[in-house]
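So the structure is just underneath, and the comments pick up after that.
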Number of protein chains: 2
Amino acid sequence: MTTRWLTPEEQRAWRAYIGAALLVEDALDRQLQQEAGMPHMYYSILSTLSESPERRLRMTDLAERLKITRSRLTYAVTRLEKDGLVRREDCRWDKRGSVAILTDEGMRVLEGAAPGHVETVRSLLFDRLTPEQVGQLEEIFTAVGEGFQGGTAQATGDDVPWRRRSSKSCS
Amino acid sequence: MTTRWLTPEEQRAWRAYIGAALLVEDALDRQLQQEAGMPHMYYSILSTLSESPERRLRMTDLAERLKITRSRLTYAVTRLEKDGLVRREDCRWDKRGSVAILTDEGMRVLEGAAPGHVETVRSLLFDRLTPEQVGQLEEIFTAVGEGFQGGTAQATGDDVPWRRRSSKSCS
DNA sequence: CGGGCTTGGTTAAAGTTTGAAACAAACTTA
DNA sequence: TAAGTTTGTTTCAAACTTTAACCAAGCCCG
């Protein structure tokens, strides 16, 4: 089949998106690196843990929510553990498993970094959008995200490497 | 001043965006790594060069268009040069400068990879959006991107590290 | 029970990105 | 024009990500 190239509108949208998304992530990383000494993803790890019951989550669940690989998470948690912001514990129900737990210190650091982070997100993104656009943004990326639930694979109807299964809480 | 936290709508939009953007970038990287042996950013470098007059661009201009640091670009171009896809030449007008040039081999590789890449972009993004949403996407990220033109700096009205100046073409 | 497959998590090596110097050419200006 | 500053690019080390094993614990079924 002959390639369906992008239409001019699609090209403009794609370029605007790719460029701005990169700038936003960079700015976010820089801001958090300055004020909290960690990149955005690490902040997200703390943040996700803080919202979980007992501030704890199994590694696989955490990876799944953050949409990152287990290996990447292992590395990150090891670093955060060294910094005393997260602690690991063995899962009592499944001896293979381990749980990441946000420490009090981690909670403090998170709370200290949150205002600056939110302010940045706001100034980069929401301050520039109308309320309608905020709604559109949500719809667009919800739609895009859903594409990853059912195995969209391209040309070669391959196996889907991004889908992940779930596991019991193990609180 | 007390923090202006995100509203529930903003939170939903932010989460949908962060998650999906990550998945998209990952999928793009994986697809290009498979089919072209390079990450998305490297592909963008080739692509940008291919659209420039004489397929050449000064390092700084290239970095600016791609919204990446010069250092990152240097590393990438060094690798692409090793692979024979790009060639460097000294700038005749400004002896400090150097130009990156897409080689014929680079052009071939790019052309070979383009269809698969476009197909992926389409299946991940545009196939899931209505034409109106494509328009909204462009507007949203154009607005966001414009925020980086005038120095938006946050809380501490600091110096702006992302703004870059321009330089002569040096064709 | 006892292989053999799957799952949860880590590890090692290679590749990439970052951020702060280092350098050298170009510009400014006294 | 020498001294100081800015600009274009590279370099280096440290931090991070990826990929592909690897290992142990659960699971399945004859």
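So that the names make sense, note that chain A is the first sequence line, chain B the second, and so on, each numbered from 1.
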Side chains of A/R70 and A/M59, heavy atoms from C-beta outward: is any pair under 4.5 Å? no
B/D90 CG to C/dC23 P, in whole Å, measures 19 Å
Nearest-Å distance for atom pair CG/C1', residues A/D61 and C/dG9: 13 Å
Phosphate contact (C/dC23 OP1 or OP2) by B/R96 side-chain N/O below 4.0 Å: no
In whole angstrom, what separates A/E89's CD from C/dG9's P? 13 Å
Assess, by modelled atom type and distance only, whether the side chains of A/E105 and A/T103 contain a donor and an acceptor separated by less than 3.5 Å. no
Of A/P39 and A/K95, whose nearest nucleotide on DNA chain D comes first from the 5' end? A/P39
Rounded to the Å, how far apart are B/L73 CG and C/dT16 C1'? 13 Å
Expressed in angstrom and rounded to an integer, what is the separation of B/L22 atom CG from D/dT17 atom P? 10 Å
Contact nearer the 5' end of DNA chain C, comparing A/G97 with A/Q33: A/G97
For B/S98, answer base if it contacts any base atom (sugar-phosphate contacts may also be present), sugar-phosphate if it contacts only those atoms, and nothing otherwise; contact means non-hydrogen atoms under 4.0 Å. sugar-phosphate
Any side-chain N or O of A/R58 less than 4.0 Å from the OP1 or OP2 oxygen of C/dG8? no
If each of B/M59 and A/M38 is mapped to the nucleotide of DNA chain D with the nearest heavy atom, which maps nearer the 5' terminus, i.e. the 5' end? B/M59
Does D/dT19 have its OP1 or OP2 closer than 4.0 Å to a side-chain nitrogen or oxygen of A/S71? no
Who passes salt bridge (charged side-chain N to carboxylate O under 4.0 Å, His left out) against B/E51, sequence neighbours left out? A/R15
Ignoring backbone atoms, establish whether A/Y75 has a side-chain N or O less than 4.0 Å from OP1 or OP2 of C/dG9. no
Phosphate-side-chain proximity, B/R88 and D/dT9, N/O vs OP1/OP2 below 4.0 Å: no
Any heavy-atom pair between the side chains of A/L110 and A/Y43 that's under 4.5 Å? yes
Phosphate OP1/OP2 of D/dG8: any B/R70 side-chain N/O under 4.0 Å: no
Rounded to whole Å, CG of B/L57 lies from C1' of D/dG8 at a distance of 14 Å
Could you grab the distance from atom CG of B/D29 to atom OG1 of B/T120, nearest 0.5 Å is fine? 11.5 Å
Earlier contact from the 5' end, DNA chain C, for B/R72 and A/Q34: B/R72
Rounded interatomic separation in angstrom, taking CE from A/M41 and C1' from D/dC16: 12 Å
Is the distance from OP1 or OP2 of D/dC16 to the nearest side-chain N or O of A/R79 less than 4.0 Å? yes
Tell me: CZ of A/R30 to C1' of C/dA20, nearest whole Å? 14 Å
